Each structure stands twice: as C-alpha cells, then as structure tokens.
There are 2 protein chains.
Amino acid sequence: MITIKEVAQHAGVSVRTVSRVLNNNPHVAEATRNQVLSVIQELDFRPSAAARYMRTGQSQLIGFLTDELAQNAFGYDLIIGAQQAAWEHGKLLFLLNTNNDPEVEARAINMMRDYQVEGIVYATIYHRQIKHSQFPKDLPTLLVNCFADDRSLPSIVPDEIAGGRLATETLLKKGHRRVGFVSIAAKEPAPLGRLEGYRQALASFDIPYDEALVRFIEEPFEGLANSTYDSVLSLLQMPNPPTGIFCFNDLMVLGAYDAIRKTSLRIPEDVAVVGFDNVEILAAQVHPPLTTVELPNFEMGQLAVRMLLGLEETNRGGRPVQHMIHCPLIERKSV
Amino acid sequence: MITIKEVAQHAGVSVRTVSRVLNNNPHVAEATRNQVLSVIQELDFRPSAAARYMRTGQSQLIGFLTDELAQNAFGYDLIIGAQQAAWEHGKLLFLLNTNNDPEVEARAINMMRDYQVEGIVYATIYHRQIKHSQFPKDLPTLLVNCFADDRSLPSIVPDEIAGGRLATETLLKKGHRRVGFVSIAAKEPAPLGRLEGYRQALASFDIPYDEALVRFIEEPFEGLANSTYDSVLSLLQMPNPPTGIFCFNDLMVLGAYDAIRKTSLRIPEDVAVVGFDNVEILAAQVHPPLTTVELPNFEMGQLAVRMLLGLEETNRGGRPVQHMIHCPLIERKSV
DNA sequence: TAAACCGTTGCCAACGATGGCAAGGACTGA
DNA sequence: TCAGTCCTTGCCATCGTTGGCAACGGTTTA
C-alpha cells in the first residue's frame with residue numbers, strides 16, 4: 001500500500017505538501033502541485049480513509065439499517081435513493097439488514113458506532129411506529145417509513161391518506177360511483193390511512209360510505225393475492241357490483257385481475273382497477289398495465305440522507321420534522 | 001467519544017492492559033480483567049474501528065458492488081446472503097450500486113480501496129461476461145452471476161443448463177410430450193444455457209427438438225409479460241399445441257397465465273407451466289402458485305463472501321474456481 | 001543463596017494522515 | 001539597504017489503538 005510518505009519522497013517534497021495538495025489547500029505553488037499530482041497518479045496513491053478519519057473525525061460513513069426491507073422487493077429503491085444521495089456528497093453507505101431481530105439490531109448499531117458513522121437511517125418495510133429508545137441519543141438518526149413513539153426523531157413517511165384519496169378519486173373522476181376497496185385487516189398506518197383517504201374521496205363526491213363495498217383480508221397475509229381473488233369475486237357477485245376497485249397494494253391486484261377475468265368482465269371497460277405501491281415488475285407487467293399510486297421510495301431514501309447530512313430542515317419549531325411524502329399517481333391502462 | 005485512555009484512567013491501569021482485555025490476551029489477571037470490563041461497560045466504551053485498522057491493517061470491510069442488481073427485485077436475496085455471511089464473521093458490507101456506469105464503477109472501486117476493503121464482491125443482475133481489467137489485481141475479487149473474460153477471477157454462476165434441463169424434465173416426467181419453451185432472443189449465458197438444457201431434456205426422453213415449439217422474444221424487453229402473452233397464445237393456437245410450457249423467467253409467466261386463461265384452458269390440468277428464478281412475489285402469488293426453478297441468490301451471496309474470506313476453496317489446480325451453482329426445483333401447483 | 005523463570009504490567013513507538021506553527025526566500029516600499 | 005509582507009514549504013505533534021520490549025515481584029530450581 002502506497003502512503004503519503006512515499007508520494008512525498010518520490011515528488012521530492014514534504015509530507016505536509018502532499019497533504020496540502022490532497023486537500024486543495026491554496027498554499028501550494030502550481031508547479032509543485034502538478035509535480036505531486038503526477039506522482040500520485042503514477043503511484044496510484046489513494047489516501048487511507050481510516051488514517052484520515054483519525055485526524056479529522058469525519059468518517060464519511062452513513063449507516064443504513066433496515067428491518068426486513070432489504071429482503072423484500074418492495075423497498076429496494078429506497079436503498080438506491082439513499083446510496084445515490086450519499087454518493088453525491090462523497091459519503092458511503094453501510095447496509096445492515098436486521099431481519100427485525102432486536103438483538104441483531106442492537107449489535108448492528110454498535111458496529112456502526114465502531115465505524116463512527118455520521119448518522120443512521122433506519123428504514124422499515126411497513127409503515128409503523130417504533131420505539132425511540134433503541135437508538136443512541138448521541139447519533140443523528142432518521143426514520144423512514146416509520147416514526148418514533150414519542151416523535152423525538154425526524155421521520156419520513158408516505159402520506160397514506162392523501163394516497164388513498166388520490167387512488168379513489170382517480171376512479172370517481174372517471175365516473176365510477178360504486179367503488180370497492182380491498183384492504184388488509186391490520187391496525188397500521190397504511191391500511192388505516194388509505195381507508196381514511198378512500199372515505200374522504202367518497203365524501204368529497206357526496207357518495208355515502210358503503211361498508212358492503214369494503215373488504216378486509218385477515219392475517220396471515222401469505223396468500224394475499226389469492227385472498228384478494230376471493231374478496232373481489234364476492235364484490236363482483238353483489239347485486240349492485242362496483243365498477244371500480246381500489247386495491248391496497250399492487251400484489252393484491254394479481255388476485256383482483258384474476259377475479260375480474262373469471263367473471264368475464266373487461267379491464268378497464270367493465271371494471272377499473274387502481275393499485276398502490278407501484279412495484280414495477282407487477283404494475284408495469286400485468287395486463288393491462290396497472291394505474292397505481294406510487295410509494296416514492298427512491299425519493300424517500302434520497303431525502304433521508306439529505307436530511308441526515310443537514311442539507312434539509314430536520315427541525316421545525318424545536319420539534320423533529322415528521323415529513324409526509326406525497327404519493328403521485330402513475331397512470332397506465334387499468335382505469 | 002470515549003477512548004481507551006479514559007477507560008485506563010478510570011480503571012486505574014495502563015492503556016496497554018485495557019488493550020489486552022479488549023483483545024482477549026491471556027496475560028491479564030482475572031481481577032484486573034473484570035475491573036476493566038466493568039469500566040468499559042459503565043462508560044459504554046467501544047474501540048474505534050479506524051484506529052484499530054491503523055495498527056492491525058484489518059479493516060473488516062467487504063465491498064459489495066452491483067451493476068443494476070440492487071435496483072431490481074430479482075437480486076436482493078443475494079445481498080442479504082452476502083451480508084449475513086459477512087456478519088457471521090464480524091465483517092461489514094459496503095454496498096455500492098453502479099447502475100452499470102463504468103465511470104461510477106471505477107470511482108466506486110477507488111472508494112472501496114480508500115476504506116481498505118479486504119475484498120470485493122461484484123454481482124451482476126444478468127448472467128454475463130465482464131472484463132477482468134476493471135478490477136485491481138491486488139484486491140481479492142469475487143464475481144457473482146458473471147465471469148471474467150479470461151477466467152482470471154473466481155466466479156459463482158448458476159448452472160443454467162442443468163436448470164433448463166430440470167425445468168423441462170419436470171414437465172416431461174408428468175407425461176407431457178409437447179413442451180413449449182418461451183425465451184428471449186439474446187446471446188447470453190442464461191437464454192443459451194436454458195435452451196441447451198431444454199434440448200438435453202428432450203433428448204433424454206427421446207423427443208425430437210421441434211423449433212415450432214420454441215419462441216424467442218426480441219428486444220426491447222420492457223413489456224416482457226405482454227410479449228410472452230402473444231407467444232404463448234400463438235403456441236396454444238397451433239394445430240398440435242403443447243401441453244406444457246417452460247418460461248424463461250417468472251415474470252413471463254404472468255403473460256403465459258393470461259394467454260392460457262384466454263383460451264379457456266386450465267392450469268395445470270390442460271397446460272402445465274414451469275418458470276425460472278423463483279421470484280417470491282410472483283411465483284408464490286400467481287394463481288395457481290408457480291412451480292419454478294430457483295435461482296439460489298441467497299446461497300450465492302453467502303458463498304461469495306465465504307470464498308472471499310478464504311473459508312472455501314477459490315483455486316483449483318492453479319486456476320480460479322468457476323463455481324456452477326445448482327438451481328433446485330420449487331414445486332408449487334402449476335404442474 | 002543466586003539464578004532462572006513465570007505471570008502480570010507499563011512504556012513507548014508505530015500505523016497514515018492532518019494542521020499549527022515557524023522558517024526560508026522573494027518581493028515590495030520607504 | 002533594510003524592515004515588512006507574502007508566498008511557499010517543512011517540522012512535528014496528534015488522532016486511538018496495538019504490540020514489542022522491558023521491568024516488576026514472587027516463586028522455583030540448582
């Protein structure tokens with residue numbers, strides 16, 4: 001391994017001067033700088049990040065902690081967004097997937113501290129509440145897709161209500177007056193919020209909420225698409241069936257499509273469908289391509305890192321910012 | 001930040017002794033060790049990885065480089081597998097996604113060198129050949145899902161031929177004698193290998209290869225499921241249609257299922273389907289659940305790290321090992 | 001009784017980089 | 001001509017940790 005000392009020797013200057021060149025210090029004669037630069041190139045020298053950190057206290061590292069997120073297709077864009085933002089600012093990302101095991105999580109946080117990460121992004125796969133106490137107080141922490149029980153940490157979460165409203169309104173605006181909603185039976189922000197959005201949208205069109213049009217799939221959620229098939233089928237077999245269906249997520253749309261085709265109805269002519277999440281390999285590949293509300297994972301990851309680096313506001317009125325991210329509509333062909 | 005010096009002061013011993021405790025050096029009296037340990041706990045001291053590296057030259061870091069892999073749902077298991085193996089040996093993973101941009105890739109490798117990673121795992125999304133020259137010769141490198149043009153680097157790739165054979169045999173064993181194959185028109189190891197496996201399986205059952213039963217989808221591959229729909233439909237409308245269909249990947253199965261249902265045939269009673277990749281959110285969720293050949297991404301990631309750490313053979317007869325990973329069949333309900 | 005030995009401990013240099021400080025040379029202005 | 005200034009450069013301490021070496025007191029051995 002080449003060191004700064006060797007570079008100095010080869011260039012016939014002191015170590016201090018090489019250091020100055022490395023750090024773009026103006027107090028170096030142009031000729032000296034070029035000389036050093038060429039030696040650096042020639043020797044293929046790269047300063048040791050560890051040694052640099054020792055002096056400066058800047059590790060340039062960001063810890064990225066996930067529960068089960070990284071195991072799942074849904075969240076990968078989040079990591080990529082975070083990585084890109086980090087990269088743009090010369091930072092590197094440490095990725096650790098804890099599989100939602102508290103013990104692993106504690107060990108992961110310790111490891112990150114060992115490497116003196118400048119901050120931690122903690123991202124969860126499902127929008128949920130977490131305990132703030134698991135994070136060290138002395139380390140900047142940013143939550144994505146989750147929020148602290150006492151709101152003591154800045155967080156970024158999707159605006160589920162607005163998203164649910166948008167999905168429903170998309171159907172209502174096309175003239176659908178009987179709109180079904182297939183969701184999951186869980187007391188979590190996502191199903192709760194999207195349902196609330198669904199109700200708000202109906203209300204804004206002066207349509208009464210009809211609970212016969214709403215189906216909640218119970219746990220376990222393994223065969224989710226399959227359960228959705230049953231739910232949608234029962235919806236379509238009602239005497240006054242819905243002409244538009246809002247699915248809680250894109251995965252469920254697989255089942256919904258099957259059910260609609262089973263009844264020989266056409267999409268979108270007879271029944272329009274709107275999804276949620278915009279998982280590309282589902283939404284863009286099903287037939288017809290799915291109109292869905294996007295969970296802007298890439299942007300959320302990007303914003304998380306930017307906030308962590310202090311490039312965005314993280315405090316408003318003395319309280320950590322709780323960002324609500326707008327989920328845009330991705331129009332394809334199912335409405 | 002607490003340092004070893006402060007621990008030493010609090011414990012009333014020398015820095016050297018604390019270091020010995022930290023490194024489980026036997027030359028410490030039991031009482032002293034306990035005393036130091038309790039101070040460490042009390043102060044919540046963690047040794048600085050950077051300082052430690054400075055002395056020992058062991059960064060405990062592994063670079064994980066991906067082309068577009070991390071952007072795609074297909075490959076995340078690979079990353080999780082690698083991470084878990086690294087974790088088990090006290091190593092940390094640096095994740096960098098280069099988006100297949102050579103410039104970013106070069107910069108990423110440099111960054112990893114800055115942090116003195118002990119080795120690099122380079123994983124690609126599609127099985128392909130890469131140039132060995134982009135990697136530094138002085139850094140252990142392991143290729144996953146790809147191989148070096150001159151085979152100068154150890155690599156781990158799926159056994160496409162055996163996988164294709166397994167998929168096809170699964171159909172043949174159930175009595176299907178007319179087996180269609182829908183693939184992509186690309187001169188890459190995956191389509192080439194799986195086709196070869198398909199031919200071998202037919203041959204072993206004494207069935208002549210009939211090119212009318214094989215369809216190749218041309219680029220671009222955006223609407224892949226949709227193109228598959230057309231291909232499968234044309235296959236089923238042949239005078240002597242296949243009763244079993246092998247799809248190059250699980251994504252294409254979405255289109256295949258649609259086409260089969262369109263012709264009012266049942267799966268698997270009238271037409272059996274086998275996929276490839278075992279992408280959970282597709283294979284386990286379509287109806288009926290898909291029997292498919294698994295691309296064992298988790299195991300490949302795990303093996304990559306183990307090989308990099310020297311826990312597995314990386315050289316045989318003076319040549320870098322080129323591992324062929326067996327792809328097992330995941331039986332569900334489509335055959 | 002002295003030498004050898006053992007277990008335990010501490011001093012100090014080293015890893016590779018940075019930054020404060022000072023010094024050398026060239027130039028300016030009086 | 002000389003002091004003052006500016007530009008450029010080098011010396012050296014420092015960051016937190018580890019490991020070689022030496023020293024210490026106490027015990028065993030010849």
Side-chain angles (χ1 to χ4, degrees), chain A residues 1-37 39-40 43-61 90 92 110-118 138, chain B residues 1-37 39-40 43-61 90 92 110-118 138:
Chain A
M1 237 214 63
I2 308 291
T3 72
I4 198 173
K5 201 187 239 170
E6 295 169 70
V7 174
Q9 277 166 2
H10 278 257
V13 298
S14 75
V15 165
R16 181 72 181 92
T17 301
V18 178
S19 172
R20 262 186 286 252
V21 172
L22 252 25
N23 294 282
N24 291 317
N25 186 307
H27 298 294
V28 182
E30 208 44 38
T32 316
R33 160 164 283 126
N34 290 335
Q35 159 69 354
V36 171
L37 248 21
V39 172
I40 287 176
L43 298 183
D44 194 19
F45 163 78
R46 305 225 94 221
S48 151
R52 184 171 264 179
Y53 162 70
M54 283 276 285
R55 282 292 310 173
T56 62
Q58 310 240 301
S59 68
Q60 314 282 31
L61 259 26
L92 233 38
N110 275 338
M111 268 193 144
M112 290 186 167
R113 288 220 287 149
D114 293 352
Y115 282 88
Q116 319 288 348
V117 296
E118 298 181 355
D138 56 347
Chain B
M1 239 213 60
I2 309 291
T3 72
I4 198 175
K5 200 187 238 171
E6 295 168 71
V7 174
Q9 279 167 359
H10 278 256
V13 298
S14 76
V15 165
R16 181 74 182 92
T17 301
V18 178
S19 171
R20 262 185 285 253
V21 172
L22 252 25
N23 295 282
N24 292 316
N25 185 307
H27 298 293
V28 182
E30 208 43 39
T32 317
R33 161 166 280 124
N34 290 335
Q35 160 68 356
V36 171
L37 249 20
V39 172
I40 287 176
L43 297 184
D44 195 18
F45 162 79
R46 305 225 96 220
S48 152
R52 183 170 267 179
Y53 162 70
M54 282 275 285
R55 282 292 309 172
T56 61
Q58 310 239 305
S59 67
Q60 314 281 30
L61 259 26
L92 232 39
N110 276 337
M111 267 190 143
M112 290 185 168
R113 288 221 285 148
D114 294 352
Y115 283 89
Q116 319 286 349
V117 295
E118 297 180 357
D138 57 346

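Each chain gets a letter, A, B and so on, in the order the sequences are listed, and its residues count up from 1. None of the values given here were measured: they were computed from a predicted structure.
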Nucleic acid footprint by protein, nucleotides 12-20 of chain C - heavy-atom cut-off 4.0 Å, B for base, S for sugar-phosphate alone: --BBBBBBB

Spacing of B/Met1 atom CE and A/Gln116 atom CD [to the nearest 0.5 Å]: 4.5 Å

Heavy-atom side-chain proximity of A/Leu22 to A/Phe45 below 4.5 angstrom: yes

Side-chain heavy atoms of A/Tyr115 within contact of B/Leu61, under 4.5 Å: yes

B/Asp138 CG to B/Arg113 CZ distance, which is reported to the nearest 0.5 Å: 5.5 Å

Any B/Thr32 side-chain nitrogen or oxygen under 4.0 Å from OP1 or OP2 of C/dT9: yes

Any A/Leu37 side-chain heavy atom under 4.5 Å of A/Val21 side chain: yes

A/Thr56 side-chain N/O to A/Arg52 backbone N/O, donor-acceptor pair under 3.5 Å: yes

OP1 or OP2 of C/dG10 under 4.0 Å from side-chain N/O of B/Thr17: yes

Atom pair CG/CE of B/Leu92 and A/Met111 - distance to nearest 0.5 Å: 5.0 Å

Start and end of chain B contact along DNA chain D [non-hydrogen atoms, under 4.0 Å]: D/dG16 to D/dG20

Using a 3.5 Å cut-off and no angle test, enumerate the donor-acceptor pairs between side-chain atoms of residues 25-35 of chain B and protein atoms at least two apart in sequence or in another chain.
unit_1	atom_1	unit_2	atom_2	d
B/Asn25	OD1	B/His27	N	2.8
B/Arg33	NH2	B/Asn25	O	2.8
B/Asn34	ND2	B/Glu30	O	3.3
B/Gln35	NE2	B/Ala11	O	3.4

